[in-house]
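For reference, the structure discussed in these notes is given below.
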Amino acid sequence: MAEYNHKKIEKKWREAWEKSGLYKISDTLKGPKSYVLDMFPYPSGDGLHVGHPKGYFASDIYSRFKRMNGFAVLHPMGWDAFGLPAENFAIKNKLHPRVAVKKNIARFKEQLSLLGFNYDWDREINTTNPEYYRWTQWIFLKLFERGLAYESHEPINWCPSCKTGLANEDLEGGKCERCGSIVEKRPLRQWVLRITDYADRLLQDLEGLNWPASIKESQRNWIGRSEGAEIDFTIKGTDFKIKVFTTRADTLFGATYVALAPEHELVKALRPEINNWKKAAEYIEVSRNKPEIERTAADKEKTGVKLQGVKAINPANGEELPIFIADYVLAHYGTGAVMAVPAHDERDWVFAKKFKLPIKQVICQFYPEPKCPVLEDAYIGDGKLVSSGKFNGMDAEKAKKSITEFVGGKTTVKYKLRDWVFSRQRYWGEPIPLIHCEKCGVVAVPESDLPVKLPEVKFYEPMGTGESPLANIAEWVNVKCPKCSGKGKRETNTMPQWAGSSWYYLRYIDPQNGKELVDKKKEKYWSPVDVYVGGAEHATRHLIYARFWHKFLYDLGVVDHPEPFSRLQNVGLITAKDGKKMSKRYGNVVNPDDIVEAYGADTLRVYEMFMGPFDQTVAWSSESIIGARRFLEKAWRAQNNLIDSQSGGNMEKLSHQTIKKVSEDIEGFRFNTAISQLMIFTNAMDEQEELSRGVYELFIKILAPFAPHMAEEIWEQLGHKTSIHSEKWPEYNPELVKEEVYELVIQINGKVRDKAEVDADLGEDGLREFALKQPRIKELLEGKDPKKVIVVRGRLVNIVI
RNA sequence: GGGCUAGUGGCGGAAUUGGUAUACGCGCAACACUUAAAAUGUUGUCCGCUUUGCGGAUGUGGGUUCGACUCCCACCUGGCCCACCA
């Protein structure tokens, strides 16, 4: 037998598989199916580092395992190539984005091809391909038709460096997620998607998903549902009313002022009544120009201006309250106005202290004690009402409803989730398929005219004017109105990076379909994605956007299931040895090409899966990888001792145990322990003088998903003419997994005092008797009677004295 | 500030979910093979002691239990996410 030559073997099979089309998917649409999907990458210019393929290895192993178990498997790959990262790379390298993307994809594909994936490349998609984005545009048109896409002029987040508006989700602590610049507020004409219409369904349907609890929790927090009440405060001497939103209607009697967001429309309306308008106007101006991060920093000192000359009336007790404008009140949440209860809200407490406003306690923890302890801080806990008129003594929770009713308020639900700012003032994105007509207003591009192709341009750098570079191309912009044939101009904003990835998993099902988004029958069969593998950083963007669009498509009748991804598996990062992110910037990048060259793709696959729990962050170690290589070499060498036999011999029990363990671990994405079991098996094979061919073949089959090249080579050397990857996954016999004898642990007072081999079918009584009979135990008991004897079958006997 | 998550040998980690703590791998040490090295193999490798045995140890301190890495309470330390959401 030749040495294990990974270079020769891997090259040989890479070429052979491609030629034979081993991984092509047949659309028979019958039998059990498994749709196994990776979050597709955006092809960055830096190429892959060893962290990137970790998730792809897992989905590759899983999909091979499923195929060997008789499933029809859909396991495709594609490119998310529109958007800021690709465009910024292009600008930096002075390449047209189209050229840069093409180049980067080629590089990515080349690197991936070395790693032994079983993708069906016939299904490859690319979000920047017009035949793809025609359907992205089509979905937008449907959203527009149904009133779920609307034009807005509200101030939004603006990145001065990327020169584009951004969605709420694109910020990281008030900074641009892409370039780290401090984001400004800027009023901008933009297109916005009404994702908030789906807030409740997005929340509700999380229940049924087999997703990590932490991701579900992030989504819940992001959607941020809170039940509360809207209550009107009349402004004294006017017809104006301030509508506030509160989750604590029970504290209404404790309100000592009312605060409005500086942007609140009422402020302008009240101008004639306000005596200190100059000061107020100054404050409004300052807060408008303040970057959001400064305004909302949690430890920031609270500011505000009291509006002189106006008073709000507390509807509960008729008290007159001062009105403030304060930028800690957010214009876009609730009603943009709050009733302030310093005694029972931390923010109001701080504000009241600063402005020397009264603090009135209305919830008491110790009711009916006559005197509540004096508050030293806002009390936000439970209790009963005091100083609240006829509601005194009522439970706070109950009072929420009663007081709301008493003042004619309305119970309502608010969400933190904001509508999705969907336009970017950048070149490299899907054109929004709308036309602005002088007469008809905004008109949809007819479906038959899709796709609206992104035109070729010389200058594609962002302009910073609030328009995309497309606005410069007169011959593209100026069109006839599809309705009246009058003068029209194309919408020049483009879609955000997240558009194409919000539905791509559907396109894989039917990538060549020119007539509709997806064939209904095929969709019904393949959807939903059975296992979706990707990083946890997508919890609140991609995974919310995709669920939103999917639900919309479900409402349209395009898809058959309300949720796109049944099961989600998070892949943990691989960091550099120093624990830092792998990045060109730190110079700590390990290139998979080098590892493949030195050890082979199979070793890399085994190593990355063995490093630790799949969803956990682990540090790369160039030292430990040798263990994976040694394991494969040992598995390879086991061929030396083969004898022509199908019998399991003394390996039979371990074989069945190993099949069980490896199968269950792959299903559960516990690849580290699966490999550990394969190592145990290999070590046992190594000890055999003569190894039955049947046992070895069985081992090679369960090794195949992990080390596909080596397994295929061995399989061929064993004389097989067909691929091991089309073999049937071995089954185990549950009877043979069980041990006939095991080592019983005998404890005295919980401490191990003796061990002895016992028959597996020995019952409780037998075990007790057996344990007490052991000479060593007898000696230690010194004839005393045990107080208690606990017997755990299959494990231990614990004698308590 | 809130939420989530983790803390086990020199290192990565395992432990059937309350039942022998440290599987598997890396590293290290000794030995074998070799002129030598690499590779490979064998043995050993949590700590301590008066070493056929005994005691201690899963971030710290307490609790529940016959029995706790696992459950409960408090605290310490890291990582991730959200962050004035009324």
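Quick note on labels: first sequence line is chain A, next is B, and so on, each numbered from 1. Keep in mind that this is a model prediction, so the values were computed, not measured.
- For the residue pair A/Tyr732 / A/Thr658, no side-chain donor-acceptor distance below 3.5 Å is found, with atom types taken as modelled.
- A syn orientation is assigned to B/U17, its glycosidic angle lying within 90° of 0.
- For A/Glu346 and B/C84, the CD to C1' distance is 10 Å, given to the nearest whole Å.
- Counting only heavy atoms from C-beta on, A/Lys302 has its side chain closest to B/C84 among B/C81, B/C84, B/C66.
- Proximity of A/Lys400 to A/Glu227: side-chain heavy atoms (C-beta onward) are nowhere separated by under 4.5 Å.
- Taking atom P on both B/A21 and B/C69, the two are 8 Å apart, rounded to the nearest angstrom.
- Remark: B/C71 base-pairs with B/G63; criterion is Watson-Crick or G-U wobble with both hydrogen-bond distances under 3.5 Å.
- Counting non-hydrogen atoms under 4.0 angstrom, A/Ser226 reaches the backbone sugars and phosphates but no base.
- Contact annotation for A/Ser676: base contact, defined as any heavy-atom pair under 4.0 Å involving a base atom.
- A donor and an acceptor atom, one from each side chain of A/His344 and A/Arg248, are nowhere located under 3.5 Å apart.
- Between A/Ser214 and B/C81 there is no side-chain N or O to OP1 or OP2 distance below 4.0 Å.
- Between A/Phe681 and A/Phe699, the ring planes lie parallel to each other; the angle is under 30°, not in the 30° to 60° tilted range.
- Using a 4.0 Å heavy-atom criterion, one finds that A/Val618 contacts the sugar-phosphate atoms exclusively.
- Aromatic pair A/Phe351/A/Phe324: centroids less than 6.0 angstrom apart.
- The distance from atom CE of A/Met611 to atom P of B/C11 is 16 Å, rounded to the nearest whole Å.
- The side chain of A/Gln616 places an N or O atom within less than 4.0 Å of a non-bridging phosphate oxygen (OP1 or OP2) of B/G13.
- Residue A/Lys634 is in sugar-phosphate contact alone, with no base atom involved, counting any heavy-atom pair closer than 4.0 Å across all strands shown.
- Residue A/Ser621 is out of contact with every strand shown, counting any heavy-atom pair closer than 4.0 Å.
- Minimum interatomic distance between A/Ala167 and A/Tyr545 (heavy atoms only, all atoms of both residues): CB-OH, 3.9 Å.
- A/Ile675 has its CD1 atom 15 Å from the P atom of B/G13, to the nearest Å.
- Salt-bridge check for A/Lys7 with A/Glu597: passed, with a basic side-chain N closer than 4.0 Å to an acidic carboxylate O.
- For A/Ser624, counting side-chain heavy atoms from C-beta on, the closest listed nucleotide (B/C26, B/A14, B/U40) is B/C26.
- Within the cation-pi definition used here (under 6.0 Å to the ring centroid, within 45° of the axis), A/Lys634 does not qualify as a partner of A/Tyr4.
- Checking the phosphate oxygens (OP1, OP2) of B/C24, no side-chain nitrogen or oxygen of A/Asn672 falls inside 4.0 Å.
- The CG-P distance, from A/Leu252 to B/A86, rounds to 17 Å in whole Å.
- Between A/Arg753 and B/G55 there is a side-chain N or O to OP1 or OP2 distance below 4.0 Å.
- The side chain of A/Phe610 lies closest to B/G12 when the candidates are B/C84, B/G12, B/C26.
- Per the geometry, CG belonging to A/Asn749 stands 11 Å off P belonging to B/G55, to the nearest Å.
- Nucleic acid contact class of A/Ile790 (heavy atoms, under 4.0 Å, all strands): base.
- Put simply, CG on A/Asn168 is 7 Å from P on B/A83, counting in whole angstrom units.
- In this model, the phosphate group of B/G25 is approached by a side-chain N or O of A/Asn683 to a distance below 4.0 Å at OP1 or OP2.
- Distances shown here put every side-chain N or O of A/Arg220 at or beyond 4.0 Å from the OP1 or OP2 atom of B/C81.
- Of the side-chain N and O atoms in A/Lys788, one or more sit less than 4.0 angstrom from OP1 or OP2 of B/C66.
- Residue contacts shown for A/Ile626 are limited to sugar-phosphate atoms, with no base heavy atom under 4.0 Å away.
- For the pair A/Glu687 and A/Ala213, nearest-nucleotide mapping onto RNA chain B gives the more 5' position to A/Ala213.
- For B/C49, the paired base is B/G53 (Watson-Crick or G-U wobble, both distances below 3.5 Å).
- Put simply, A/Tyr333 has a side-chain N or O that comes within less than 4.0 Å of OP1 or OP2 on B/A86.
- Between A/Trp222 and A/Val800, it is A/Val800 whose nearest contact on RNA chain B lies nearer the 5' terminus.
- Using a 4.0 Å heavy-atom cutoff across all strands shown, A/Arg776 reaches sugar-phosphate atoms only and no base atom.
- Checked against the 6.0 Å centroid criterion, the rings of A/Tyr607 and A/Trp620 qualify as a close aromatic pair.
- For the pair A/Arg630 and B/G25, the criterion of a side-chain N or O lying under 4.0 Å from OP1 or OP2 is not met.
- Pairing of B/C4, defined by two Watson-Crick or G-U wobble distances under 3.5 Å, is identified with B/G79.
- Using a 4.0 Å heavy-atom cutoff across all strands shown, A/Val338 reaches at least one base atom of the nucleic acid.
- Checking B/G18 for Watson-Crick or G-U wobble geometry (two distances, each under 3.5 Å) identifies no partner in any strand.
- Look at B/G59: its glycosidic torsion is beyond 90° from 0, and that puts it in the anti range.
- Using N1 to N3 plus N6-O4 or O6-N4 for Watson-Crick, or N1-O2 and O6-N3 for G-U wobble, each under 3.5 Å, B/G10 pairs with B/C26.
- One interatomic measurement links the two molecules: CZ of A/Arg629 to P of B/C24, which rounds to 22 Å at whole-angstrom precision.
- Base pairing of B/A36: no nucleotide in any strand meets the Watson-Crick or G-U wobble criterion (both distances under 3.5 Å).
- Atom pair A/His332:NE2 and B/A86:P shows a separation of 12 Å (rounding to whole Å applied).
- For A/Lys751 and B/G56, the shortest distance from a side-chain N or O to OP1 or OP2 is below 4.0 Å.
- Residue side chain A/Lys787 does not reach the base of B/C66 through any donor-acceptor N/O pair under 3.5 Å, judged by distance alone.
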